[in-house]
Structure formats: structure tokens, C-alpha cells
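Notes follow once the structure below has been shown.
Letters go in sequence order (proteins before strands), and every chain restarts at 1. Since the structure is predicted, the reported quantities are computational estimates derived from the model, not experimental observations.
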Amino acid sequence: MKKFINSVDQVLTESLRGFGAAHHDIVRVRMDPTFVARAGAPVKGKVALISGGGSGHEPLHAGFVGKGMLDAACPGQVFTSCTPDQMVAAAEAVDGGSGVLFIVKNYSGDLMNFEMAADMISGDQATVVTNDDVAVEDSTYTTGRRGVAGTVVVEKMVGAAADKGADLAACKALGERVNKATRSMGVALTSCTVPAAGKPTFQLGEDEVEMGVGIHGEPGRKRVKLEKADAIAHTLMSAIDGDLKPKAGAPHLLFVNGFGGTPSMELYLIYDAARRYCEARNIKIARSLVGNYVTSLEMQGCSLTLVALDDELIKLWDHPVHTAALRWGV
Amino acid sequence: MKKFINSVDQVLTESLRGFGAAHHDIVRVRMDPTFVARAGAPVKGKVALISGGGSGHEPLHAGFVGKGMLDAACPGQVFTSCTPDQMVAAAEAVDGGSGVLFIVKNYSGDLMNFEMAADMISGDQATVVTNDDVAVEDSTYTTGRRGVAGTVVVEKMVGAAADKGADLAACKALGERVNKATRSMGVALTSCTVPAAGKPTFQLGEDEVEMGVGIHGEPGRKRVKLEKADAIAHTLMSAIDGDLKPKAGAPHLLFVNGFGGTPSMELYLIYDAARRYCEARNIKIARSLVGNYVTSLEMQGCSLTLVALDDELIKLWDHPVHTAALRWGV
Amino acid sequence: MAHELTGRLVDAAVTTIRNHADELTGLDQAIGDGDHGINMKRGFDAIAEAAEIRTLPLGDALQKAGMTLVMKVGGASGPLFGSLLMAMGKAVVGDPTQGEQVQAMLTEGIAAVKKRGKSDVGEKTMLDVLVPVSEALAGKLSRHAPAAETMAGLRAAADAALERTKPMKATKGRASFLGDRSIGHLDPGARSSQLLIHAVCDAVAESLRT
Amino acid sequence: MAHELTGRLVDAAVTTIRNHADELTGLDQAIGDGDHGINMKRGFDAIAEAAEIRTLPLGDALQKAGMTLVMKVGGASGPLFGSLLMAMGKAVVGDPTQGEQVQAMLTEGIAAVKKRGKSDVGEKTMLDVLVPVSEALAGKLSRHAPAAETMAGLRAAADAALERTKPMKATKGRASFLGDRSIGHLDPGARSSQLLIHAVCDAVAESLRT
Ligand SMILES: Nc1ncnc2c1ncn2[C@@H]1O[C@H](COP(=O)(O)OP(=O)(O)O)[C@@H](O)[C@H]1O
Ligand SMILES: Nc1ncnc2c1ncn2[C@@H]1O[C@H](COP(=O)(O)OP(=O)(O)O)[C@@H](O)[C@H]1O
Ligand SMILES: [Mg+2]
Ligand SMILES: [Mg+2]
Ligand SMILES: [Mg+2]
Ligand SMILES: [Mg+2]
């Protein structure tokens with residue numbers, strides 16, 4: 001394992017300390033229990049947005065704490081949901097009197113920990129669960145679909161609404177609406193290595209890719225031969241497209257998310273391929289996002305996300321945001 | 001070679017097309033000769049800033065085109081300086097009547113191509129050469145030091161000055177001043193793979209790192225055993241520190257630059273280590289930047305950059321910037 | 001006597017998790033996210049560090065250990081193993097070395113896991129070890145089997161139950177995302193449950209001998 | 001006759017660069033940035049595509065080919081090989097198949113490379129092949145050697161000069177960043193220069209035979 005670390009036990013603490021120092025204008029990092037709060041929180045009268053989950057997906061979630069997005073993020077151990085005490089402490093620190101909305105990715109562990117936290121919190125609260133990953137079959141008999149890159153879009157939209165004064169119920173309803181309008185699917189070229197595990201989570205042959213991979217290096221739909229970028233984009237987009245059933249001519253957000261180890265050059269190339277897919281099918285791209293936003297440590301690969309927009313969502317997307325990892329309009 | 005590509009000949013074109021479409025609010029991409037210009041260029045009365053060089057370092061330079069930074073970028077083939085016709089075309093497109101400043105990294109190829117372009121351009125022009133890499137010995141008998149991550153800082157500072165109305169001579173002088181105040185050094189954990197070459201540029205053992213690596217995967221000072229992050233940060237910082245000789249208590253910019261394949265978690269961990277190095281030596285960190293800004297394709301590794309600031313430079317750093325990859329204050 | 005048992009149980013549980021952490025992580029790499037051993041070890045290390053636990057009566061010790069898991073582990077295993085131990089601890093009313101008492105504790109613990117996990121047997125989880133073991137205990141108790149035989153029976157039941165998770169298709173937890181591809185692998189949480197059952201049986205058997 | 005030679009020379013140069021592109025890239029991976037073969041191939045592919053070049057008199061063809069390299073290659077080799085060919089083309093005044101004329105062309109070409117590269121012999125670059133070859137040509141001419149012998153001599157000089165770049169320490173170009181670590185490797189630009197000399201000599205020898 002080749003990483004910049006001092007000891008596997010300290011990775012998270014040191015990295016968060018660095019993050020807090022580098023972005024002291026935007027965030028405050030608290031330890032034991034660990035959470036990252038927006039500088040100046042609580043914001044009186046605003047619904048507080050909290051997200052959290054395993055680390056290793058940076059900038060998710062701490063990189064999205066700040067004006068127009070999250071009020072706090074609770075980083076768990078690498079790929080391991082945070083614990084209830086973190087969420088409780090974060091909620092106490094950032095609740096501005098208008099309640100707390102938890103944005104949780106749909107994993108058993110995340111849900112259970114957030115549920116335990118919810119039991120311990122007295123103030124107003126609600127939860128939005130994201131599950132945008134079409135690689136996994138949706139079913140009420142199972143855990144259902146995973147929450148992946150689309151979570152950023154939910155955080156951005158709801159963050160804007162909360163910033164504009166929406167109440168807790170409206171924020172929750174909006175979050176659910178955005179989640180329903182969002183579909184993602186990913187592909188891995190290489191594995192990631194969890195620091196504490198010390199070896200790659202999975203092995204791929206020199207000509208293989210994992211189609212439908214999860215953001216924790218979980219296996220996806222199937223292992224297939226590496227194809228040209230256009231063919232890969234086609235596979236991902238047609239799975240998304242088939243599930244979202246986008247309205248021809250209606251505005252969409254196309255989001256290419258890098259998993260951490262893929263260079264920007266390739267992400268824009270995939271964006272180009274995905275965009276051509278959309279143009280050929282009259283899926284209008286009104287907004288775009290390309291970069292490493294929901295990563296899997298150093299994994300090479302990417303996910304594509306398509307979000308059906310409307311005028312309200314476009315306004316929320318364009319609303320000023322000032323976080324470590326997403327910034328515009330301010 | 002595992003990459004998202006269609007064909008090695010088309011990587012650059014497709015990637016730039018994607019970049020142009022994704023950031024149509026900020027840039028315009030022109031082909032044959034290829035350059036990326038700021039949307040709305042030329043800006044009348046403003047000194048035009050142009051940089052360029054081999055591709056594979058994204059977001060450098062195209063990601064820094066926009067308000068408060070570059071007016072145009074000329075992307076060459078991967079790791080190969082752009083050609084004179086690109087620079088000539090870019091200069092014609094963005095010269096707002098107050099002259100053109102070329103910001104060039106100190107490589108024989110880059111210099112020669114920019115010199116040839118300069119011979120073909122009639123308008124006012126000047127050049128700033130960046131050479132911040134302390135891994136290489138500085139000598140007038142040789143090519144001297146390489147221009148690496150510090151180039152971003154030069155582009156940011158001079159971009160701000162040009163935006164505020166500085167003339168060509170002042171921009172050139174400022175660029176040289178910032179370059180002189182800037183030192184960098186990098187380390188690689190893995191190699192990169194040039195798409196057209198198809199195989200890694202170099203091989204490192206499972207426990208080896210290349211200390212002082214260049215941003216093209218060029219060998220550095222020496223190949224050493226992988227150490228703890230603190231020790232690596234110490235090696236890099238003491239080389240920088242010894243060369244820059246920072247004034248105790250004076251403000252500095254600490255910039256941790258990822259080479260493309262290193263996750264954000266590790267970059268902030270290295271930032272934390274470098275910051276502790278500085279604090280122990282009374283090197284005051286007034287500003288920080290952490291992320292993938294000057295990359296080497298998918299290389300795992302990072303560079304550290306230290307810049308001696310003063311009030312003027314801090315103002316220029318904080319000046320609004322709106323580019324694909326660097327954005328604040330607007 | 002009960003407190004001494006607490007110490008023995010803590011030691012046995014901590015030791016087995018530490019010894020098998022890499023293996024558990026390996027199992028989780030195959031059908032999960034490769035952290036189960038790391039998670040369990042972090043939790044049981046914390047239990048080992050909380051020295052007062054071994055000095056408490058078993059019921060309190062279990063509750064405290066469960067809360068420690070909840071606060072230190074995260075993931076799915078933190079709330080699940082945490083809820084299991086907390087519910088078992090709360091269920092202690094009489095002598096926790098009596099078979100019927102243990103049976104009641106296990107029943108409460110399993111109920112808590114099912115509730116927390118919204119899950120049941122047959123979904124390729126830790127429940128697929130815990131429930132068969134509980135049933136085996138009920139069987140032994142109804143036949144008034146001697147303690148040593150009971151312990152051996154529980155171990156065997158855990159082993160068999162663990163093996164049966166292999167052909168199962170996961171429908172809960174992270175492995176469920178795999179669908180049919182989860183078939184053919186042991187469930188990591190089932191393996192850690194079986195390890196803990198072994199550890200407990202061995203510690204109890206040891207107690208009986210001394 | 002001269003135009004026919006142009007075609008032959010273009011074919012020979014293009015073929016050798018295409019055949020050795022991977023090798024040149026490999027040499028550049030060792031002490032540079034791993035693109036020299038890719039660069040040269042891109043440039044000579046463009047020369048091959050610019051079909052009119054082979055129809056031009058040698059002087060014009062060289063200038064056009066040089067400009068093609070400048071505009072298509074980039075890097076160090078674009079301006080350097082481009083300047084070399086452009087200056088050689090400009091130097092053509094008489095019959096470019098005459099030895100003295102070739103000598104004058106080479107001298108101008110080398111001067112252009114030195115000027116553009118701010119470099120000279122002994123710095124582990126293409127000049128360390130070009131200059132010895134030019135000197136060898138001068139020697140052959142002064143002794144009025146027959147053409148075939150001259151060609152063989154130039155090939156040998158290029159080979160020997162290439163080998164001598166191995167122990168050199170680079171002080172110009174990207175390899176100079178390596179300092180002492182550049183010692184022990186052939187210079188990629190020296191190798192491509194030697195290949196081109198071979199190609200030219202072979203094409204000329206072939207012309208003489210037919
Ligand atoms: N809903 C559930 N009900 C019962 N057990 C579950 C459930 N979800 C997960 N598990 C158990 O937890 C184990 C995984 O634990 P762990 O890897 O530590 O957490 P995570 O899945 O969050 O990474 C699984 O092997 C399974 O036995
Ligand atoms: N200043 C110089 N003078 C002469 N030749 C040079 C100079 N710089 C580089 N070269 C030649 O160019 C070759 C490298 O070319 P290439 O790899 O295509 O360009 P780059 O170094 O820009 O990647 C070197 O091997 C050397 O022979
Ligand atoms: Mg986990
Ligand atoms: Mg090059
Ligand atoms: Mg797991
Ligand atoms: Mg090169």
C-alpha cells in the first residue's frame with residue numbers, strides 16, 4: 001500500500017485537521033465526537049443540513065459544508081458510517097432553531113446509525129435518503145439502491161433552498177424530489193485500498209473494468225472487458241436513461257464524477273462522450289459538473305449522473321454556494 | 001494501459017471539446033490551431049495573459065482561463081509543448097490592445113516554441129518564465145530549474161494585477177517577483193502513463209518513491225524508500241525552506257498540489273504535516289491551497305509549494321477569480 | 001463469580017476478534033466494502049480499553065459493551081452488534097449463568113437486531129448464525145442437556161449455520177447490492193457471530209472446569 | 001532527378017521514424033518525459049501527409065518539411081528539427097546533390113539548432129550526432145572520397161557519435177534536470193538524428209545505384 005500516511009489509525013484525524021486549517025474561513029473541525037461545522041454556525045432561523053457517512057469519499061461531505069450547502073458533516077472511519085454520537089453533537093452545534101435535516105445515503109449502516117441518533121435528539125428533525133445508483137436493482141424486499149454521486153446534487157439543491165429560507169418540511173420534500181429526479185451509475189478501472197486493510201479491495205485484470213461499481217469498491221453489475229470511452233459512456237448512460245426516462249427537450253444536469261484516481265483529462269473526455277449520447281437522444285444538458293466530488297479513495301473510474309431539472313431546480317443549482325469543494329456566485 | 005479513451009490520437013480533442021461544453025459560461029475552445037480563450041475575450045485595455053505547454057497537467061492551464069487569471073491557454077500534446085501557431089492564434093484572439101504576457105514554464109521545448117511564436121507576433125508582448133522546482137539545481141550553464149506547481153500562483157497573482165489594470169511591464173515585473181518568491185518540490189508514489197506511449201513512464205518498487213519528481217514523470221533527485229507522511233513532508237519542506245529562506249513571522253502561502261491520482265484525504269494529511277513543519281519554524285501560513293492543480297495525468301504523488309507573501313501579494317491572491325478550476329470572490 | 005465470568009468473556013471475545021480481523025475484512029472485501037474486521041476490531045479494542053467493563057456484573061457489562069460498539073464502530077455492525085449486546089444486557093434479571101436466562105437474553109438480543117436491521121433469517125446476515133444458535137440452545141435446554149454438551153452443541157450449530165450462509169443470496173446489508181453475485185461467499189457478520197459464539201462457549205466451558 | 005530524390009528522402013526518413021518511434025519513446029522515458037518517438041512520428045506523419053513536399057525541389061521541400069515539424073511537433077524536437085531542416089533548405093543554392101552544397105546545408109542547419117537550442121556539442125543532445133557527422137563529411141570531401149565511401153563514413157560517424165552520448169552528462173534539454181543520473185543512457189534526439197542520417201545515406205546510395 002502506497003499512501004501518504006503516518007499511521008492507519010491517524011489518517012482521519014490528521015487529514016481532518018489539515019482540512020480544517022486549510023479552510024478555516026469556511027469550516028470548523030471538532031474532534032471526539034468528530035464533525036465538521038460551518039464557520040459561524042448555527043445560522044439562526046435556517047434549517048440546518050447535516051450529512052455524514054464513511055470517509056474516503058472526499059470532498060463528500062466535509063467539502064460541501066458552507067454557505068448554500070451543508071451546515072455540518074460527520075465523517076466516519078473510511079467506508080464506515082459515522083456513529084450516532086457524532087450526529088448528535090453536530091445537530092446540537094448547528095441547529096439554528098428551525099430543525100435539522102439529515103441527508104443520508106442509502107446503506108444499512110448509515111440508516112441504522114442515523115436512526116439511533118434520531119432517537120437521541122430532541123429537536124425538530126427529518127431525514128432524506130438518497131438512492132440514485134441504478135447499478136443496483138430497486139426493490140422493497142432488499143436494501144434497495146445505493147446512494148452515490150447524486151447525493152451532492154441533493155445537498156446542493158436543498159442547501160440552496162434552506163439558504164433561501166425554506167422550512168424543514170419543504171427541505172425534506174425538495175430533497176426527496178431531487179433524489180427521485182436523479183440517477184447515477186459508475187465504472188471502475190482499478191480498485192481502491194482502504195488504509196486499515198492495506199490491500200486493494202478487489203482485483204481487476206489489465207483489460208477488465210467493474211461496471212456498476214459502488215463508491216466503496218463494492219462489486220457492481222458485472223465485470224467486463226475494457227471498451228472505448230464512447231462504449232462505456234453508452235453503457236452507463238443507457239442504464240441511467242432507461243431508468244430516469246428523461247423528457248425530450250427538458251433541461252438536465254449532466255454530472256461526471258471522478259472516483260479519485262482518474263485524471264481530469266479523462267473525465268472531460270467521458271463528459272464529451274456522455275454529452276454526445278444525450279444530444280443524439282434530445283436530452284438537453286442545461287447544467288454540467290465535472291470533477292472529483294464523490295470519490296472512492298484513489299480508485300480510477302467515474303460515475304455519470306443525470307438529473308431532470310426544471311426552472312426551480314435550475315435556480316437552486318445556480319444559487320450561490322461557498323464551500324471548500326463547490327463554489328460559485330459568491 | 002487503462003484509460004477512458006477512444007483513440008490515443010483523439011484524447012486531446014475530445015477532452016477539450018468536453019471541457020469547452022462543460023464550461024461554456026467561462027471559456028471558448030478553438031481548434032486548429034488549438035487554444036482555449038476566455039469567453040468574451042479580448043477584454044479591451046487589459047493586458048492579455050497567455051500560458052501554454054504540454055497537456056496532461058490539467059487543470060493547468062485551461063482550467064485557469066477566466067476572469068482574474070488567464071485570457072488564453074494553448075494546450076500542446078500530452079507532455080509536449082504547444083506549437084508556435086497555437087500561441088500566435090491565441091495572441092491574436094485575446095490581445096485587448098494592451099499587449100500580451102506569455103507565462104512559460106522553464107523547459108527547453110516550451111521556451112523555444114514561445115520564442116518562435118514571439119518572432120511571428122507583431123503586437124506588444126513580454127514573457128515570464130517560471131522555474132520554482134528546487135529538486136533541480138539552478139545553474140546558468142544548464143537549462144536550470146523546472147517550472148512546476150508554482151506556475152499557478154504566478155498566473156493567479158499576475159491575473160489579478162492585469163484585472164486591476166496593471167500594464168504589460170508591471171505584469172511582467174510582478175510575474176518575475178512572484179516566481180522568485182516561490183519554491184516547489186514534488187514526490188511520486190507511482191508513475192503516469194502517456195496515452196500515446198501506452199506504458200508507464202517509469203517503474204517504482206512497491207516500497208519506493210521518486211523524490212523530486214518532475215510533472216512529466218521525469219526522474220527527480222533520487223529514488224528512496226517510502227517513509228511516513230511526516231518524513232516525506234519534512235524532506236520536501238526542508239529543500240524548499242533551505243532555498244527560499246523564508247523570513248520568520250512573514251506571511252506565506254502553503255500549497256499542496258496533487259499529481260492527479262492521490263486522494264484528497266492524503267493531500268490534506270500532507271498539508272497537515274507541512275503545516276506542522278512550518279509552525280515549528282515560525283513560518284507563518286497566511287493562505288492555503290490544497291488540491292489537484294498541476295497534475296501528471298494519473299500519477300500518485302504531490303508537490304509542496306511555499307510562496308513568500310506580502311500585503312500586495314495577499315490582496316492579489318484574494319482578488320476575485322472565476323475559472324473552471326479556481327474560483328472565489330465572484 | 002459472575003464478574004470473573006465477565007472478564008473471561010471479554011477476553012475471549014476481544015481475542016477472537018483481534019485474531020480474525022484480517023480474515024473478516026477479507027470476507028467483506030468479497031461481498032461488501034472491506035471493513036468488517038477493521039470495524040469489529042475497533043469496537044472490541046474499545047471494549048478492552050474500557051477496563052471497568054470487566055469489573056461489572058454481566059448485565060451491566062453487556063449494556064456498556066454494546067453502547068461502546070454503537071459509539072465506536074459505525075457501519076452496520078456497530079448498531080447491530082451494539083443493539084444485540086445492549087438488549088442481552090437489559091434482559092438479565094436473574095443469574096446470567098442459568099440456561100433459561102441465557103436463552104431469554106439471546107431472544108431479546110436477536111429481536112433487537114431484527115428490529116434495528118429490519119431483517120430476518122435467510123437474508124445472509126449475522127442473524128443466520130444467531131437464530132440457529134438460539135434454537136439449538138432451546139433444544140438443549142428442553143432436553144436438560146449437561147452444560148458441556150450444550151456448549152459443544154452451540155458451537156456445532158454456529159458452524160453449520162455459518163456454512164449455510166454461503167449459498168444464500170443476500171437481501172439485506174451491503175452484500176444485497178450484489179444480487180446473485182453474493183451467492184457462494186460466507187457472510188462476514190455471520191462469521192464474526194460464529195467466532196463470538198465459539199469464544200463465549202469456550203469461556204463458559206473453561207469457567208465450568210475451574 | 002532532384003525531385004525524385006526528394007521523394008526518396010521523404011520516404012526513407014518517414015519510414016525510419018515510424019519504425020523506431022517506440023524505441024525513441026523508450027529512450028526518452030529513461031531520461032526525459034517519454035514522448036520523443038511520439039513527437040517525431042507525429043511530425044514525420046504530417047510530412048508524409050503533406051503530399052506536395054515530395055514534388056518540390058529539395059530546398060523548398062526541406063523548408064516546407066521543417067515548417068511542418070515546427071507546427072506539428074511542439075516540444076524541443078519540433079523547433080530544433082524544424083529549424084534544422086528549414087535552415088538546410090534555405091542554404092540550398094546550387095545542386096543539392098553536390099557534396100560541398102550538402103556540407104554548406106548541414107553547417108547552416110547545425111548553426112540554426114545551436115542558436116535555437118542555446119546549446120553546443122558535449123551537452124548530450126542531437127548536436128552530438130549532427131556535428132561529428134558534419135565533420136566526417138568535411139573530411140571525406142577534403143579527401144575527394146567516392147560517394148559510396150562517403151555515405152558509409154557518415155553512417156559510421158553517426159553510429160560512433162551516438163554511442164558517445166551514453167557516458168555524457170546532459171546540460172541542456174529535459175535530461176539536464178537529471179544531472180548525473182542522465183549518465184549511462186543514449187540521448188533520444190541523438191538516436192533520432194543518427195536514424196535520419198542512416199536513412200538519408202541509404203536513400204542517396206540507392207539513388208546513386210539507380
Ligand atoms: N440489515 C441487516 N440486518 C442484519 N445484519 C446485517 C444487516 N446489514 C448488515 N448486516 C451484517 O453486517 C455485516 C457487515 O458489517 P460491516 O462490514 O461492519 O458494516 P458495513 O456493511 O456497513 O460496512 C454483514 O456481513 C451482515 O452480517
Ligand atoms: N537545447 C537543446 N539543444 C539541442 N537539442 C536539444 C535541446 N533540448 C532538447 N534537445 C534534444 O531534443 C530531444 C528531446 O526531444 P523531445 O523529447 O521530442 O522534446 P521534449 O524534451 O520537449 O519532450 C533531446 O533528446 C535532445 O536531443
Ligand atoms: Mg462499511
Ligand atoms: Mg515533451
Ligand atoms: Mg463492511
Ligand atoms: Mg521528450
Next on the checklist: Only pairs of heavy atoms separated by less than 4.5 Å count here; which of A:A22, A:G20, A:G291 has the most with chain B?
Outcome noted: A:A22
Checklist outcome for this item: Cut-off 4.5 Å, heavy atoms of chain A, and the answer for B:I270 is side chain
Checklist outcome for this item: Checked A:I5, A:T13, A:L297 vs chain B; the most non-hydrogen pairs under 4.5 Å come from A:I5
Item to check | Residue pair A:A149 / A:T305: nearest heavy atoms and the distance that separates them | outcome: CB-OG1, 3.7 Å
Checklist entry - If only atom types and distance count, is the side chain of A:K2 paired as donor or acceptor with the main-chain N or O of B:E208 below 3.5 Å? => result yes
Next on the checklist: Can you tell me which portion of A:L12 sits under 4.5 Å from chain B's heavy atoms? Options are side chain, backbone, both or neither.
Outcome noted: side chain
Item to check | Residue B:V78 versus chain A: region with a heavy atom under 4.5 Å | outcome: side chain
Checklist entry - Where on B:R275 is there a heavy atom nearer than 4.5 Å to chain A: the side chain, the backbone, both, or neither? => result side chain
Checklist entry - Between B:C192 and chain A, which part of the residue has a heavy atom less than 4.5 Å away: side chain, backbone, both or neither? => result neither
Next on the checklist: For B:D207, which atoms come within 4.5 Å of any heavy atom of chain A: side chain, backbone, both, or neither?
Outcome noted: backbone
Next on the checklist: Restricting to non-hydrogen atoms, name the atom on A:A188 and the atom on A:F202 that form the minimum distance, rounded to 0.1 Å.
Outcome noted: CB-CZ, 4.0 Å
Checklist entry - Looking at B:T295 and B:G258, what are the two nearest heavy atoms and their distance? => result CG2-O, 3.6 Å
Item to check | chain B interface, residue from A:A231, A:C302, A:A233 that has the most non-hydrogen pairs under 4.5 Å | outcome: A:C302
Checklist outcome for this item: Those residues at least two apart in sequence (or on a different chain) that pass side-chain hydrogen bond (donor to acceptor under 3.5 Å, both in side chains) with B:D9 are none
Item to check | Exercise: identify the closest heavy-atom pair between B:V209 and B:K225 | outcome: CG2-O, 4.3 Å
Checklist entry - Using a heavy-atom distance cut-off of less than 4.5 Å, which residues of residues 52-65 of chain B contact chain A? => result B:S55, B:G56, B:E58
Checklist entry - Tell me, side chain or backbone of B:M1 under 4.5 Å from chain A's heavy atoms, or both, or neither? => result backbone
Item to check | Contact leader toward chain B among A:S264, A:A274, A:P263, where contacts are heavy-atom pairs under 4.5 Å | outcome: A:P263
Checklist entry - Side chain, backbone, both or neither: which part of B:L189 has an atom under 4.5 Å from a heavy atom of chain A? => result both
Item to check | Worked verdict on B:W317 versus B:W328 for ring pair (Phe, Tyr, Trp, His ring centres under 6.0 Å) | outcome: CA-CA 10 Å; B:W317 183 255; B:W328 56 70; 5.3 Å; yes
Checklist entry - According to the interplanar angle, ranging from 0 to 90°, do the rings of A:F19 and A:H23 count as parallel (below 30°), tilted (30 to 60°) or perpendicular (above 60°)? => result tilted
Item to check | Interface moiety of B:R287 toward chain A, non-hydrogen atoms closer than 4.5 Å | outcome: neither
Next on the checklist: Quick one about A:E155 and A:S51 (side-chain donor to acceptor, distance below 3.5 Å, no hydrogens or angles considered), yes or no?
Outcome noted: yes
Checklist outcome for this item: Looking only at A:L226, A:D230, A:I285, most heavy-atom pairs under 4.5 Å shared with chain B are made by A:D230
